[in-house]
Amino acid sequence: MVDPSLLVLACLLALSAPTLLICRALREYDRRRTTVLADLSSLGRTRASGLIAGTVVIAGGSIAGIAAARVCSDHFDDVIIIEPDDCLTPNMRDGVPQYDHMHIFPNMTLQIMRRLFPNFDQQALDVDARILAADPGISAQGASAVPTLLPEMLFVSRARFEALFRRLMFLSCPNVRQVRGTVVGATLRSGAIDNITYVPHPSSYPQNPTSAGDANCEKTSAQSPVAIRATLFIDASGSSSLSAALFPESASTLPPVETYDPCVSIVTGYARLPDAQSTPPNIGFVRSVVHEEGRVGHVMRVERDRFCLSLAARAPSQPLPTSLDSFVSAFSSASPPEPWTHALCPEKVERPWNPLKVDSCIWVKNHKGERPGNYISVGDAAMRLNPLFGTGVSKALMDATTLHAVLEALPMSCVERSPQDGWDSLPAGFSKTFFKRQAPRLQKLWVSNKALDYAHPTTAVSQEDTRKTGSYFRWYHTSLMSLAKSDAFVARTVAEVSQLSAPESDLYAAPLFLKVLGAAIMKRARGWQKK
Ligand SMILES: Cc1cc2nc3c(=O)[nH]c(=O)nc-3n(C[C@H](O)[C@H](O)[C@H](O)COP(=O)(O)OP(=O)(O)OC[C@H]3O[C@@H](n4cnc5c(N)ncnc54)[C@H](O)[C@@H]3O)c2cc1C
């Protein structure tokens, strides 16, 4: 006679094994579709079947443009970046208003940089960056995570990060050139871009041929527009809305655009606080020091004794400080007091301190429109998010990783070589393939960020939504954040997902789901007891 308890156990095992397998398969599907984790293993490797002959033209030489150039140098024999700013002169960035604002670089930024540049950690340390395990997302809620193994992040100023990225890219990619100019037009032939036109800007390139990058930068004397033939055109022009200017005639098939305004303004200042050097090393982290309704303030040590102070407000509930005194007092009255606050005074803040109204969030749904077959768009040109979530740079790097995966999967037999000039053409569906792969990755970020932004009554919601959109996600996320204060496993999972190094489905895995459910039941029970 078989023991009935053994029989029950056997049945449970028989049922749970397939359930476990199905859950694993679903997680893997979500991981491949919505993150770039599966594409990372070959990132940074040169195309095995030989380089594609032709020129990749990239509009914009900021984060997304540099990342795209680094990836394309592994797949094409010639890459040219066209950028209006004189990027080689430090602090000359008219085209990037957020250049001086605080940036955090989550784990995904670090993972991709390590793939693109095998000696990245040492190079970062050489420019006084810090690589530390942290999660500002949790501390930004006003709580410290319980001690746990959090993912590593990169802490450095945006200006230094961009300069380092550009230098490493030029050092490792002799087939990438940069010219100073503004992309203004495109000519199409048979559904693809034939030529890209740019207006050159007078430039002093090369200034110092010994510094990395200068050797790749071309001096231009031409004043009239220049046309370049493009095998592939990459729009990395940030908020410029370049694609709308380039392809107005195909308006009927333009992709739909979704937009909402989180109504965020940010003011950033830098202060040298030599006395603060003795403060604990965790001041290298982004520290949330002001967390009032509608206002959040962070401090980050960006160099040895130089601190970046950033105060963001969700207008109009909380106006930003209009004077340096009130800016400083928002930080010096931080509660609980920080070890450096006593040293902060208006005289220590470098000028100019920099207020900025953040642009609306926008998603150009390229996967739903008709685009030329050799056109792609990356970084903020494809989607601009609320900077308070600190994911814009990672997103630009993820787009470049997606591009690498699409190019790697492209067999040489699909590339058509012209017998006349040996120039290669990409297959007609190239653009569609890229946008189809990029879309679910962007969508995950868009939906979750939007849901959290809609919690604030100051957010102007998208025309497609109501204020209730995303309410379930908001409730679930708030519950998780509250559990993260005391539960190391929850804290780590939330940190990994918010830093884009794990799929969002991990938040709904059985252990977390049951914890949230348990906490909700306990809360309800306590409510009943009180009654
Ligand atoms: C206040 C603020 C704080 C932020 N904080 C963070 C953060 O903490 N973490 C994070 O990850 N992200 C953050 N972001 C977002 C991040 O800065 C952007 O996502 C990132 O810079 C996008 O890079 P990009 O290359 O796509 O665009 P951009 O950096 O905007 O660069 C676009 C480039 O294109 C050039 N260009 C424009 N028009 C043309 C043209 N016609 N032809 C050729 N070139 C052209 C411009 O000169 C510029 O160099 C923040 C943003 C803001 C506004």
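Just so you know, residue 1 is the first one in the sequence shown, and it goes up from there. Order of listing sets the numbers, starting from 1, for every ligand and every atom in it. For the numbers below, each heavy atom of this structure counts, side chains included, while hydrogens, waters and symmetry mates do not.
Less than 4.0 angstrom separates some heavy atom of A236 from each of these atoms of ligand 1: 32 (C), 33 (C), 34 (O). When each atom of ligand 1 is checked for a heavy atom of D380 under 4.0 Å away, the hits are 18 (C), 19 (O), 22 (C), 26 (O). Taking every non-hydrogen atom of G60 and a distance limit under 4.0 Å, the qualifying atoms of ligand 1 come out as 34 (O), 35 (C), 43 (C), 44 (N). Counting the atoms of ligand 1 from 1 in the order shown, those under 4.0 Å from a heavy atom of V183 are 40 (C), 41 (N), 42 (N), 43 (C). Proximity to H101 (heavy-atom distance under 4.0 Å) selects the following atoms of ligand 1: 1 (C).
For atom 32 (C) of ligand 1, the nearest non-hydrogen atom from the set G238, G379, A381 comes from G238. With atom 49 (O) of ligand 1 as the reference point, the heavy atom nearest to it among E83, M102, M383 is part of E83.
Figure legend: cation-pi geometry between R158 and F105 absent, as NZ or CZ is not positioned both under 6.0 Å from the six-membered ring centre and within 45° of its axis. Under a cutoff of 6.0 Å and an axis angle of 45°, K444 and W446 do not form a cation-pi pair.
Residue contacts with ligand 1: R158 is included, with a non-hydrogen atom under 4.0 Å away. Within the structure, ligand 1 lacks R384 among the residues with a heavy atom less than 4.0 angstrom away.
Note: T231 OG1 to L426 CG = 6.5 Å, rounded to the nearest 0.5 Å. In this structure, OG1 in T109 is found 11.5 Å from NZ in K395, a value given to the nearest 0.5 Å.
Taking distance alone, with nitrogen or oxygen atoms compared against 3.5 Å, A396 stays at or beyond that limit from ligand 1. In terms of polar-atom proximity, defined here as any N/O pair under 3.5 Å, I63 does make such a contact with ligand 1. For ligand 1, the polar-atom distance check against Q98 finds a nitrogen or oxygen pair separated by under 3.5 Å. Considering backbone and side-chain N/O of V393, one or more are found under 3.5 Å from N/O of ligand 1. Residue contacts with ligand 1: G61 is placed with no nitrogen or oxygen under 3.5 Å of a nitrogen or oxygen of the ligand (distance criterion only). Polar contact check, L242 against ligand 1: no nitrogen or oxygen pair lies under 3.5 Å apart. Considering backbone and side-chain N/O atoms, V378 never comes within less than 3.5 Å of an N/O atom of ligand 1.
Using a 4.0 Å cut-off between heavy atoms, H103 contacts ligand 1 through both its backbone and its side chain. Contacts between L356 and ligand 1, counted as non-hydrogen atom pairs separated by less than 4.0 Å, involve the side chain only. Contacts between I82 and ligand 1, counted as non-hydrogen atom pairs separated by less than 4.0 Å, involve the backbone only.
Using a 4.0 Å cut-off between charged side-chain N and carboxylate O, D399 and R437 make no salt bridge. Between D453 and R314, at least one side-chain N (NZ, or NE/NH1/NH2) sits under 4.0 Å from a carboxylate O, which counts as a salt bridge.
A ring-centre distance under 6.0 Å is found for Y260 and Y454.
Nearest protein heavy-atom contact of atom 44 (N) of ligand 1 is P84 CD, 3.1 Å.
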